[in-house]
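Start at 1 and go down the list; that is how both ligands and their atoms are numbered. Please read all numbers here as calculations on a predicted model, not as lab measurements.
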Amino acid sequence: MSRTDVKVPAIGDYKDVPVIEVLVKDGDRVEKDAALITLESEKATMEVPAPEAGVVRGIRVKTGDRVSEGTVILALETAGAEGAARAEGSGKRPAPDTSAPAAGAPGPGGQPKPDIGPKEEQRPPPAPTHARPADPAPASSAPEPGVPPWTVQAGKDIPHASPMVRRVAREFGVELTQVKGSGPKGRIIEDDVKGFVKQSLGSGRRDAGSGIPSIPPQDFSLYGPVESKPLARIRKISAQHLHRAWLNVPHVTQHDEADITELEAFRKAQSEETGTKLTLLPFILKAVSVALKQFPEFNSSLAPDGESLVMKQYCHLGFAADTPNGLVVPVVRDVWGKGIVQLANECGELAKKARDGKLKADEMKGGCFSVSSLGGIGGGFFTPIVNAPEVAILGVSRAQMKPVWDGKTFAPRLLCPLSLSYDHRVIDGAYAARFIVVLGKLLADLRRVAL
Ligand code: CAO
């Protein structure tokens, strides 16, 4: 057994660098190159590695102490020459030579190594970890004279955290750019990571560890005045729901235009005759319900194990309603059994309740298929997000009068843009195209609804 003092290796021109973490304690057995302490200069953090395997004896530094090149940080009890010989004799691999290459020879990462004194003091250079967020990105990876290689890492967007905290974050699958640091100068400490994990679990967030690269937070106030506006509860709920659907459902959107010239004339005439304000929406719902009967896979949901379809023997249709607090989707029940006037009345009541914030949870449940109508507002085709576990949604945009070739001449026709998004796991493109063609025919000639 022999005892070796482990000293801070060459760290360029830096002096009095603070120790921010002591990663070992007396009696710990460490492997060669295991991190012993973490130092932090103004520009970067780095770990001082164990020069060889051994047992930690007599730690001489604590967090907050300042060290420079040559400061003894601890003693390491090692097997020494005797132990190495024994290891060799017993067939075990002896510890590799830890002496550093000659001054000027490339070190790890191809960087020239600074001269670090007498041979017995030569150690592998401190493990580079990360540059501080405020570091300007260097123009090249070559170190400036007098600057140790580890300070030259690019890293403008790399969060400020010690290697140990990074390890903890890696273990939990936490993206450090998402974590707010509470340590000195905004450094992320272990408790920040743990707090983030707790919060993520509590809020049902899935971005930690989901494998989806997160968007690094930005300080927008750097570019102009900003203010914070809390999200309404409905918006937060629908955001989660939409995000979940977007991530789970492989979407395809099929567009088409339905000729609603006759339907529009009928709608206006019936509004007058019945005294009920009939918008396009109830007609769309009715036509969709008939198309769903012909294409029952659109009226299904994928079983959670993905092995079968749940075919629904009923037809409840949701429609997206724009409210001051965000998007809600009330559901009209049993559309197969209802006429246009009844559907118009129910849509009107549900839309009013939605705007007044009086919809009950039950009135938004059980939908088989949804319609998102932006026709009252304007705009062309769009790509609605499937309201999972439903398998499709129809987007309806504002109808416009357009010239249509009828074989002899161009005739003015009122064309309504339709955008059908569907879950490609359940519905094939050809099936979807047939559905939208049939829907177009139903809307073009409402008599087909009665067939
Ligand atoms: N083309 C032409 N005109 C249309 C039309 C279309 N596709 N759709 C509606 N219109 C007309 C209506 O007929 C009505 O005209 P009149 O007053 O002359 O009769 C006018 O536009 C207003 O209709 P409306 O949109 O208020 O009524 P609606 O029954 O068609 O729609 C509702 C009700 C609740 C769907 C709607 O108010 C709404 O909230 N739409 C927004 C849905 C939404 O936000 N979707 C996005 C979800 S994804 O982010």
With salt bridge (charged side-chain N to carboxylate O under 4.0 Å, His left out) as the test, pick out the partner of Arg413 among Glu257, Glu264, Glu262.
Glu262
Out of curiosity, Phe266 CZ to Ser271 OG, how far, rounded to the nearest 0.5 Å?
10.0 Å
How does Arg355 reach ligand 1, by side chain, by backbone, by both or by neither, if only non-hydrogen atoms under 4.0 Å count?
side chain
Just to check, does Ala321 reach to within less than 4.0 Å of ligand 1 when the distance is taken from its heavy atoms?
yes
Can a non-hydrogen atom of Cys347 be found less than 4.0 Å from any atom of ligand 1?
no
Out of Ser372, Gly395, Gly376, Pro417, indicate the one that has the non-hydrogen atom closest to atom 48 (S) of ligand 1.
Ser372
When you measure from the heavy atoms of Glu264 to every atom of ligand 1, does any distance fall below 4.0 Å?
no
Strictly below 4.0 Å, N to O, side chains only: are Lys25 and Asp28 in salt-bridge contact?
yes
Once you restrict to heavy atoms under 4.0 Å, what part of Ile385 touches ligand 1? Side chain, backbone, both or neither.
neither
Would you mind telling me if ligand 1 is within reach of the side chain of Leu278, the backbone, both or neither, using heavy atoms under 4.0 Å?
neither
For atom 39 (O) of ligand 1, closest protein heavy-atom neighbour
Asp322 N, 2.9 Å
Among protein heavy atoms, which lies nearest atom 2 (C) of ligand 1, and at what distance?
Ala399 N, 3.5 Å
Supply the atom-to-atom distance Gln294 CD to Leu439 CG, rounded to the nearest 0.5 angstrom.
10.0 Å
Does Lys268 come within less than 4.0 angstrom of ligand 1, counting non-hydrogen atoms of the residue?
no
If the contact criterion is a heavy-atom separation under 4.0 Å, does Ser397 count as touching ligand 1?
yes
